[in-house]
Visitor: 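My questions will all concern the structure given below.
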Amino acid sequence: MYNHFMNNREVASTFRLIADLLEIKGENLYKILAYRRAAESLTNLSRDVQEVWQAGELEQIPGIGKAISEKIDELLRTGRLGFLERLTEEVPISLADLLRISDVGPKKAALFWHQAGITNLTELEAAARAGKLHNLPGVGEKSEARILAGIEALSRRSTRTPLGAALPFARQVLAWLRALPSIQSADLAGSLRRMRATIGDIDLVASSHDPGLIMKAFTEHGWVRHVSAAGETKSSVEFHNGLRAQLWVYTPERYGTGLIHTTGSKEHALRLREMAQKRGLSLSDRSILNPDGSEQLFDSEAGVYAVFGMEWVPPELREDRGEIQAALEGRLPHLVTQADLTADLHTHSTWSDGQLTIREMAEAARQRGLKVIAITDHSASLGVAGGLSPDELVAQRREIQAAQAYLGESIQILQGAEVEILSNGSLDYRDEDLAKLDIVIASLHSGLRQPRQQVTERLVRAMRNPHVDVIGHPSGRLIPDREGADLDMEVVLDTAAQTGVALEINAHPARLDLDDIYARRSAEMGIPISINTDAHHSSEFDNIEYGLGTARRAWLEPQHLINTWPADRLTAWLSSREGQPPVERA
DNA sequence: GCCGTTTTCGGCCCGACTGTTTTCAGTCG
C-alpha cells in the first residue's frame with residue numbers, strides 16, 4: 001500500500017482493538033483505559049487527525065500523550081503499527097470478537113483461550129454446543145447457556161439501533177411506566193435522552209417508594225421476551241421486537257444522582273466523579289458521600305451540578321466534549337429549541353416522490369407554526385424519484401402561486417429544487433433554470449463510493465456554483481446501512497466557509513447528516529447551517545425532533561441556523577446569493 | 001498510558017447483578 005490514509009474512525013478503532021487485546025492479555029487496567037480514552041477523543045475530534053498530525057498538534061488532543069501520539073505518527077506514516085503487530089503475535093486478534101458477546105469479558109476470553117485453546121467465535125460456539133465450557137473453572141451450565149444465547153443474539157441483531165427506530169417505542173414503554181400507580185416520575189435515560197443518532201439499548205429510569213413493585217411489573221409485562229437480569233433497583237430485558245432495555249428505579253430523594261448516572265455519557269459521569277474525588281467526596285448513582293461517611297441526597301440533577309459550581313448541563317451536551325469546563329465557567333450554549341424554528345427548506349411534493357400536494361404540505365407546515373416552506377422536488381436525472389424537467393418547473397411555479405394565493409400571507413411558499421450533483425460535479429439544471437428558483441439545494445445521491453479526492457471535488461464544484469444555497473445531507477450516509485461518502489471534510493468545510501453556502505442537517509432519522517461533530521465545527525467556522533426534514537409527507541415534519549437533537553448535540557444556538565431567521569431576512573439572504581460570481585480559489 | 005490549583009510520580013469512579021462460590025470474581029453501565 002502506497003496510500004496510508006487513515007481517517008479518525010479508523011485510527012480510533014485501532015486503539016480500541018489494542019485496548020481489547022491488552023485487556024485479554026491482562027495488562028494494567030489504567031493503560032487500557034488510556035487507550036480507550038484516546039479512541040473516544042479521536043471519535044469526538046472534529047478536525048481530521050491527518051491534519052492535526054501534520055500540524056504537529058497530536059499531543060494537544062485530550063487523552064493523547066507521547067506514547068500514543070508516536071503510534072499515530074507511525075500509523076499515518078507507514079500504514080502499520082509495530083506495537084500492534086507484536087501484540088497480535090502474542091494474543092490472537094480474533095479473540096477480540098469474543099468480547100462482543102454479552103457476559104463475555106476479557107477474563108472469560110482469556111480463560112477460553114488458555115484452558116480450551118479457543119481463539120475465535122466459531123470455536124467458542126462449537127465448544128459451547130459440545131458442552132465443553134461448563135467444566136472450566138468458574139463456568140457452570142448456566143454460563144454456558146448464556147454464552148450460547150449471546151452468540152445467537154449477535155447474529156440476530158445489528159450492534160446499534162437507529163434513534164428513530166427506538167424512540168417511538170421507548171416512549172410507549174415510558175408512558176406505561178408513568179401510569180403505574182406507585183410511580184413518582186419516569187424518564188428516558190442513556191443515549192436516547194442524549195439524542196445520539198444510534199443507541200445500544202433503551203435506558204429507562206424511574207422514582208418510586210416501592211422499587212420492587214415497579215421492577216416486577218416491568219419484567220412481567222407481556223412485551224418482554226426475556227429477562228436477563230432482575231434485581232431490586234435495576235433490571236435488564238429483551239422485548240419481542242428485539243430491542244433491549246434497562247430500567248433503574250430510585251427512591252425520589254436519590255433521583256437526581258440516579259438520573260445523571262443513567263443518562264451518561266459514561267465519560268461525562270466519569271469526569272464528575274473525578275471532580276468529586278478531588279474534593280474528598282465520592283459520587284455514585286445513589287448519593288454523594290462526604291468524607292465523614294454521611295450522604296448528600298439529590299432529588300434533581302441541578303443540585304448535583306451545583307455542588308461542583310456548575311450549571312445544569314443539557315443531556316445532549318454530556319459527551320465530555322468540553323461541556324464540563326463550559327458549565328464551570330457559566331458559558332454553556334443557549335441551545336436551539338423547536339420554538340426557534342420558523343422555516344423548513346427541504347420538502348417534497350407529488351411533483352416528484354412526495355405523497356402530498358404542494359398545498360397540503362404548506363398547510364401542514366403552517367399548522368406546525370412554520371412561516372416559510374420550500375418545496376424542493378428532485379431534478380430530472382433522479383429518475384427513480386420522478387424528477388422534474390425544466391419545463392415542469394415552470395408549471396410547478398404556477399401551482400405554487402395558486403397555493404400561495406389560497407393560503408394568503410400566513411405562510412410563504414418558496415419554489416426550490418433538490419438538484420442532483422452529477423458524477424463530474426456539474427448540476428442537473430442549467431444555470432438559467434437554477435436562477436429562476438427561490439432556493440437551490442444541491443445533493444449527492446449517486447456515486448457515493450467514488451474515491452475521496454473525486455467525490456470531494458464534486459461537492460466543491462457544486463458549492464462554487466453561485467446559484468446553490470444549501471448542500472443537502474452532505475455525506476449521504478444512511479443509518480445504519482451505509483457509510484457516507486469518503487469526503488475530505490477539511491476541504492468541504494473550507495469551501496463552505498469561502499462561498500457562504502449553507503450546509504444541511506437533514507433531520508431524517510436515517511440521515512442526521514451533517515452529524516453532530518461536523519455541525520459543531522461548521523458553526524465554529526461561521527458556516528450557515530440549515531436544518532430541514534426532507535419531508536415526503538406531512539407526518540415527516542415530526543422528524544424535526546431528530547434533527548434538533550443533532551443540532552443541540554452540536555452546541556448550536558438559534559443564530560447558527562438560517563431556519564430561525566425571520567422570513568424577510570431569509571429571503572434577502574437567498575436573493576443576495578443569486579447571480580454572485582463564483583468565488584475563485586485563492 | 002495519561003496527567004497535574006495538594007503531584008513530573010503515584011495516583012487513576014462506583015455499585016448492582018449473576019453465577020459459582022463458601023466470601024468473591026466477572027461483567028456491565
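Reminder, nothing fancy here: chain letters follow the sequence lines and each chain counts from 1.
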Visitor: Checking all strands, does A:A230 fall into the base, sugar-phosphate, or nothing category for heavy-atom contacts under 4.0 angstrom?
Guide: sugar-phosphate

Visitor: If we take the C1' atom in both B:dT20 and B:dT27, what is their distance in whole Å?
Guide: 14 Å

Visitor: Distance check, P atoms only: B:dT8 and B:dG4, in whole angstrom units.
Guide: 13 Å

Visitor: NA contact type, A:K107, heavy-atom cut-off 4.0 Å: base, sugar-phosphate, or nothing?
Guide: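 The answer is sugar-phosphate, as A:K107 gets under 4.0 Å only of primed atoms, P, OP1 or OP2.
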
Visitor: Report yes if at least one side-chain N or O of A:S143 is closer than 4.0 Å to OP1 or OP2 of B:dT20; otherwise report no.
Guide: yes

Visitor: Say we look at B:dC17 and B:dC12: how far apart would their P atoms be, to the nearest angstrom?
Guide: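 Going atom to atom, P in each nucleotide, I get 26 Å.
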
Visitor: Expressed in angstrom and rounded to an integer, what is the separation of A:I72 atom CD1 from B:dC2 atom P?
Guide: 10 Å

Visitor: Just compare B:dC13, B:dG15, B:dT27 and give me whichever is closest to any side-chain atom of A:P106.
Guide: B:dT27

Visitor: Which part of the nucleic acid, if any, lies within reach of A:L283 when heavy atoms closer than 4.0 Å are counted: base, sugar-phosphate only, or nothing?
Guide: sugar-phosphate

Visitor: Counting the atoms with a prime plus P, OP1 and OP2 as sugar-phosphate, which does A:I288 contact under 4.0 Å by heavy atoms, base, sugar-phosphate, or nothing?
Guide: nothing

Visitor: Contact class for A:S102 vs. all strands (heavy atom < 4.0 Å): base, sugar-phosphate, or nothing?
Guide: sugar-phosphate

Visitor: Within the 4.0 Å heavy-atom criterion, would you say A:R37 contacts the bases, only the backbone, or no part of the nucleic acid?
Guide: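 Here A:R37 touches no strand at all.
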
Visitor: What's the closest nucleotide to the A:E232 side chain, out of B:dC17, B:dG19, B:dG29?
Guide: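 That would be B:dC17.
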
Visitor: Any base atoms under 4.0 Å from A:S282, or only sugar-phosphate, or nothing? Heavy atoms, all strands.
Guide: sugar-phosphate

Visitor: Could you tell me whether the phosphate oxygens of B:dC17, OP1 or OP2, come under 4.0 Å of any side-chain nitrogen or oxygen in A:T233?
Guide: yes

Visitor: Side-chain donor-acceptor contacts of residues 223-236 of chain A below 3.5 Å, not counting sequence neighbours, with atom names and distances?
Guide:
residue	atom	partner	partner atom	Å
A:W223	NE1	A:H221	ND1	3.4
A:R225	NH2	A:E238	OE2	3.2
A:S228	OG	A:S236	O	3.3

Visitor: Whether A:Q277 contacts B:dC12 is assessed here as follows: a side-chain N or O lying under 4.0 Å from the phosphate OP1 or OP2. Is that the case?
Guide: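 Yes, A:Q277 has a side-chain N/O under 4.0 Å of OP1/OP2 on B:dC12.
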
Visitor: Can you check the A:L33 CG to B:dG29 P distance for me, whole Å?
Guide: 16 Å

Visitor: State whether A:K71 places a side-chain N or O below 4.0 Å from either non-bridging phosphate oxygen (OP1 or OP2) of B:dG1.
Guide: yes

Visitor: Find the partner of B:dG10: check Watson-Crick (N1-N3 plus N6-O4 or O6-N4) and G-U wobble (N1-O2, O6-N3) distances, both under 3.5 Å, and reply none if neither fits.
Guide: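 B:dG10 is paired, partner B:dC3.
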
Visitor: Looking at the side chain of A:Y30, which of B:dG19, B:dC28, B:dC13 is the nearest nucleotide?
Guide: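 Comparing B:dG19, B:dC28, B:dC13 against the side chain of A:Y30, the answer is B:dC13.
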
Visitor: Take the protein atom CZ of A:R146 and the nucleotide atom C1' of B:dT18, then report the distance between them rounded to whole Å.
Guide: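 That distance rounds to 6 Å.
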
Visitor: Give the nucleotide from the list B:dC2, B:dG29, B:dG19 with an atom nearest to the side chain of A:D203.
Guide: B:dG29

Visitor: Between atom NZ in A:K278 and atom P in B:dC13, what is the gap in whole Å?
Guide: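 Computing the A:K278:NZ to B:dC13:P distance gives 10 Å.
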
Visitor: Base, sugar-phosphate alone, or nothing: which one does A:E59 contact when heavy atoms must sit under 4.0 Å apart?
Guide: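 Nothing, no heavy atom under 4.0 Å.
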
Visitor: What's the spacing between A:I118 CD1 and A:L133 CG if we round to 0.5 Å?
Guide: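 The distance works out to 5.5 Å.
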
